[in-house]
Amino acid sequence: MRNLAYLLWFMMIAVNAQSEMSTAEAQALEAKVKATADATETITSNFRQYKHMDFLSNDIESMGRLSFKAPNLVKWEYAKPFAYSVIFKDEVLYINNEGNKSNVDIGSNKLFKQLNQLITNSIKGDLFNTAEFNIDYFTKEGESEVHFAPKDEDFASFIKAFHIIFNGKGEVTEVKMLEPSDDYTRIVFTDRKTNQSLPDAVFAH
Amino acid sequence: MRYLPISLLLLAWACASYPERNNFQSIETSSTSVTNPYFSNQEKDYVYKADIDLYKKTFSGILVLKKLGAQHHRIVFTTEMGNTIFDFSFKGNDFIVNHILADINKKMVINLLRKDFRTLVAENLSVLNTFTSQDGFISETEIDERVHYYHTIDGNLEKIVQTKNRKKKVSFIFSAVNEEVAKNIQILHHNIKLCIKLKAI
């Protein structure tokens with residue numbers, strides 16, 4: 001009986017660890033994130049990526065550096081365990097795969113176009129578009145976590161939801177992309193610097 | 001008339017089987033099976049950076065292979081950012097498409113991948129015939145009604161050759177082998193310009 005009481009106690013703690021925000025709290029967070037995003041000209045940050053697949057013994061880890069320049073220049077640069085970078089520029093992906101350079105025109109591919117747009121916006125956290133997403137707001141261990149579930153069925157069959165964690169300043173510290181299978185990619189940002197000068201050469205191919 | 005012997009010779013060569021073309025010598029052996037150990041450890045996640053050259057296009061991503069039970073493998077290909085492109089299971093004789101991106105959800109593509117990966121993860125095969133060459137031993141086996149040749153040098157599986165109508169169709173080349181893990185794998189198609197290069201990460 002005592003074990004059952006402990007179990008219920010732990011379950012209550014687990015539930016309390018993530019609680020839904022009030023409408024006022026959600027509105028305040030949204031305003032803060034938008035203000036931070038609007039004031040952001042550049043971002044550089046290290047990232048560590050964890051690809052989780054339920055059937056694997058360990059997550060697949062990779063790491064690298066992110067560069068962002070408003071309005072929509074993004075470079076993801078993986079350094080370990082492979083050298084691979086991708087620059088999102090207009091409707092073209094510029095890929096450098098261990099020295100081999102190539103371009104992918106994604107203008108005709110709705111899915112990749114959406115994905116790139118969402119990744120770009122998620123770096124700033126600015127996905128607060130109720131026409132495109134069902135949005136749920138939570139507080140978790142002192143941070144804010146927002147779940148964005150795409151309404152577009154085709155896109156939702158690719159990515160079921162983006163879970164974004166914001167720090168107190170309304171900056172993104174973590175992005176989790178969940179697939180319909182519940183496997184996910186979790187990207188954790190560290191050493192983030194905003195509005196430092198970032199030459200265009202960083203985004204040259 | 002002068003060309004007839006040459007033509008006949010060419011015809012004979014064209015009809016020759018893979019061992020005949022390569023001058024393998026048939027031998028008697030007591031071994032009845034050949035093993036591909038490279039995806040046989042259930043404790044291990046096999047994770048590779050994959051580069052695919054298809055005609056003049058190149059693609060890349062991460063290929064993940066996992067043995068989940070006897071005759072049960074899962075194979076998933078994702079982008080570098082982790083978005084799943086395809087997700088297949090081989091369970092006994094069954095092949096299951098768990099997920100595939102709509103853009104490449106085509107019968108021809110799936111069949112090609114199924115055949116390549118079936119060969120890649122097949123673990124224990126019955127040997128039909130055995131040959132020797134200058135380099136080592138060659139075991140003739142059959143997977144999905146296609147004749148395959150397993151090249152073993154100094155006890156290590158170095159190459160699998162899949163044939164169709166007696167002709168070489170796909171070569172699977174394993175290199176940089178360490179503790180039953182092939183760090184580099186090349187899947188080379190001979191009838192279409194397709195090459196898949198895998199590098200363990």
Side-chain angles (χ1 to χ4, degrees), chain A residues 47 49-62 64 66 74 76-78 80-86 88 93 95-104 106 108-112 115-116 118-119 122 153-155 157-160 175-181 183-187, chain B residues 39 41-69 72-91 96-105 121 183-184 195-201:
Chain A
F47 68 83
Q49 178 178 306
Y50 304 86
K51 173 66 187 171
H52 174 87
M53 290 188 242
D54 259 350
F55 67 91
L56 290 182
S57 308
N58 297 297
D59 289 352
I60 303 165
E61 280 188 47
S62 47
L66 162 80
V74 179
W76 287 95
E77 190 171 12
Y78 293 85
K80 279 182 187 171
F82 46 78
Y84 175 92
S85 70
V86 56
F88 302 176
L93 297 185
I95 295 164
N96 186 339
N97 182 16
E98 294 181 327
N100 295 318
K101 293 181 179 181
S102 59
N103 303 345
V104 181
I106 52 161
S108 57
N109 190 319
K110 183 183 152 202
L111 185 71
F112 277 97
L115 178 67
N116 289 341
L118 293 180
I119 287 170
S122 70
E153 277 181 25
D154 286 345
F155 194 79
S157 70
F158 190 53
I159 294 179
K160 188 169 80 170
V175 175
K176 195 166 162 182
M177 291 187 277
L178 282 93
E179 300 195 281
S181 63
D183 288 338
Y184 60 81
T185 304
R186 186 173 147 240
I187 300 170
Chain B
F39 302 101
N41 186 348
Q42 262 179 261
E43 305 292 310
K44 227 179 138 35
D45 299 334
Y46 297 96
V47 183
Y48 289 86
K49 173 84 167 54
D51 291 313
I52 301 167
D53 295 326
L54 177 64
Y55 291 93
K56 283 180 181 168
K57 291 191 170 178
T58 58
F59 309 92
S60 71
I62 308 296
L63 188 74
V64 181
L65 303 99
K66 178 86 174 174
K67 184 180 177 183
L68 297 168
H72 183 189
H73 282 87
R74 183 104 172 244
I75 300 180
V76 180
F77 183 59
T78 73
T79 65
E80 283 79 0
M81 289 192 97
N83 310 112
T84 303
I85 305 295
F86 61 73
D87 176 349
F88 301 145
S89 293
F90 289 97
K91 214 171 178 179
I96 304 149
V97 179
N98 302 310
H99 177 80
I100 186 160
L101 198 64
D103 285 7
I104 59 161
N105 190 0
V121 299
K183 294 260 171 73
N184 292 316
C195 181
I196 303 172
K197 284 171 267 180
L198 306 176
K199 200 162 85 181
I201 55 172

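Below, each value reflects all heavy atoms present in this structure, side chains not excepted, and no hydrogens, waters or symmetry copies.
- A donor-acceptor contact closer than 3.5 angstrom is absent between the side chains of A:Ser57 and B:Lys44.
- Side-chain N or O atoms of A:Lys51 include one that pairs as donor or acceptor with a backbone N or O of B:Gly82 at under 3.5 Å.
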Determine whether B:Phe59 and A:Val104 satisfy the following criterion, side chain to side chain contact (heavy atoms under 4.5 Å, CB included), listing intermediate values before the conclusion.
CA-CA 10 Å; B:Phe59 309 92; A:Val104 181; over 6 Å; no

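- Atoms CZ and CD1, on A:Phe158 and B:Ile85 in that order, are 5.5 Å from each other to the nearest 0.5 Å.
- Distance check, rounded to the nearest 0.5 Å: OG of B:Ser60 to CG of A:Asn100 gives 9.5 Å.
- Atom NZ of A:Lys160 has more than 12 heavy atoms from other residues, nucleotides or ligands within 6.0 Å.
- Of the possible donor and acceptor atoms, none in the side chain of B:Glu80 sits under 3.5 Å from a partner among the backbone N and O of A:Tyr78.
- In terms of non-hydrogen atom pairs under 4.5 Å with chain A, the most contact-rich of B:Lys57, B:Glu43, B:Met81 is B:Met81.
- In this structure, the side chains of A:Met53 and B:Asp87 stay at 4.5 Å or more apart for every pair of heavy atoms.
- Looking at B:Thr84, both its backbone and its side chain come within 4.5 Å of chain A, counting heavy atoms on both sides.
- Within the 4.5 Å cutoff, side-chain heavy atoms of A:Phe55 are placed close to those of B:Val76.
- Heavy-atom distances place the backbone of A:Ser157, and not its side chain, under 4.5 Å from chain B.
- Only the side chain of B:Asp103 comes within contact range of chain A, with at least one heavy atom under 4.5 Å from a heavy atom of that chain.
- Distance CD1/A:Ile159 to CG/B:Asn83: 4.5 Å, rounded to 0.5 Å.
- Heavy atoms of A:Asn97 lying under 4.5 Å from chain B belong exclusively to its side chain.
- At least one side-chain heavy atom of B:Val64 sits under 4.5 Å from a side-chain heavy atom of A:Leu56.
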